[in-house]
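Just so you know, these numbers come straight off a predicted model, no measurement behind them. Chain identifiers are assigned alphabetically (A, B, ...) following the order of the sequence lines, protein sequences preceding nucleic acid strands; residue numbering begins at 1 within each chain.
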Amino acid sequence: MKGIFRSLITVIRNTFKRSVTVLYPHDKIMVPYNSRGSIQLVVDPDTRKILCDGCGQCEKACPLKLISIEVDINNKELKSFCIDISRCMFCGFCEEACKKNALKMSFNYELTENDLSALEYDIEKLTKHARPKLRKFWKI
Amino acid sequence: MILKNLLLKAFYLLVFLFSGLYIIIYLHKKVLAHMQSRRGPLQTGFHGTLQIFSQILKSLLNWPKLFTSLQDLSNNIGVMISLTFAILAFLLIPLTEDIFLMNIEMSLPLCLSFIMISNVGAFLSIRKVKLNSNKMADLLDRISTVLIFSISLFISSMGPIIVSSSFNLFEIVRAQSIFYNILYQPLSFIVFLLSCSLLWQRLPLDVPLKDTYFNTDYLSTQTGLNYLISTISEYINIISLLILGTLLYLGGWNGPKILHPLIWTIIKTFILQVILLFLYTIIPRIRGFRKKINLSLAFLCLLSFLNLLIVIFLVLYLKPIL
């Protein structure tokens, strides 16, 4: 009988409490602070340039060798930065290896695509977070 | 004039049935979900209010499945039996002094037996039955459990019958114009609800089959229209048993004359349903055939006999004084 009364109290409490489950695409749960999502390149907010200079430390640190970097030797600028997110295990070694703090693990965990080739991220996709949204809206 | 009156009554009953079905299905989906700290239906309509219609449409528009199921009649017979007897049982129940279709002397036992037949009928899908098949065993198991619990159900409903000295539901309600039966027959009320929980297939006696199964057989095997009819007959049974509970123990349409008597029955059935929703979530599931027999024969029958003794004492010694 004691158990039944206890369950009655929990049931009454549950009915007036916010439910545990959420309707996923509309409501989202807060992501924990330590969680690691897809990788992103950090952009300087003042100059609007990518901090990465293509030293290749992250390329070496990656255990699955997913990152491939090309550097323009004459200008010493980043030519291309590619990563295969479909095989990435979000270990965060690349972030640790970067001395300029130009790489960052974001909280983005929604990475589904219809095509596998869409998961091979290039510079454009990796700097998507830094793109001004207003410009995109007005197509300037 | 008589035909017009009859049609009006039938219209009232149909409106009551459909609105009751809608409200009860929504309660079972939404309120039970919130009790288990889920959200329930949210997508279709405001807070999933149109979910029921979408599900009905989905099963109605399942044409290829419907035609294949119409071909083998043996699969349909059980479903049709369950629906017809559920509707028959509902038509025997009066809602107020004026709104009723049939006024038969033996309305209470007839109504209960119809509900039992409709409950067993859902398991009568005899397609591809062999002698040692599971479905036959399920059917026999169901029949035996329903029969065992019918003993306690009928004995518990003898209390109100003795007080009113009639099997008629009108007489039973009229006898409660001063004191409702629940005031001096709480034991029989509890027994009635517990043994009804087998018939409306909810907790604590929701699983009518083997211990290893988690849902009823006919709900997992049937599709399309068959599934729709079997679930609707289940919910009609729930409504008719709820109204029977209010008529037998909560005084039916009796109440202060501020409101219409029909509204009193609606309010009482709604309150009973909400209380029962809490009971579904609280009481743990009773498993095993032997445990069910013990519960029915040793516990529920004993309680109802005790209740009968109290009622007989009251009727013999206190009623003449009052």
State whether the number of non-hydrogen atoms from other residues, nucleotides or ligands found under 6.0 Å of A:Tyr24 atom OH is greater than 12.
yes
Using non-hydrogen atoms and a limit below 4.5 Å, what part of residues 2-23 of chain A faces chain B?
A:Ile4, A:Ser7, A:Leu8, A:Val11, A:Ile12, A:Asn14, A:Thr15, A:Arg18, A:Ser19, A:Val20, A:Thr21, A:Leu23
B:Leu42 versus chain A, heavy atoms under 4.5 Å apart: side chain, backbone, both or neither?
side chain
For atom OH of B:Tyr235, decide whether the heavy atoms of other residues, nucleotides or ligands shown that lie under 6.0 angstrom number more than 12.
yes
Would the number of heavy atoms belonging to other residues, nucleotides or ligands and lying under 6.0 Å from NZ of A:Lys104 be above 12?
no
Heavy atoms of other groups near A:Lys65 NZ, more than 12 under 6.0 Å
yes
Residues forming a salt bridge (Lys or Arg N to Asp or Glu O under 4.0 Å) with A:Arg36, sequence neighbours excluded:
none
Atom CZ of B:Phe270 with >12 non-hydrogen neighbours under 6.0 angstrom
no
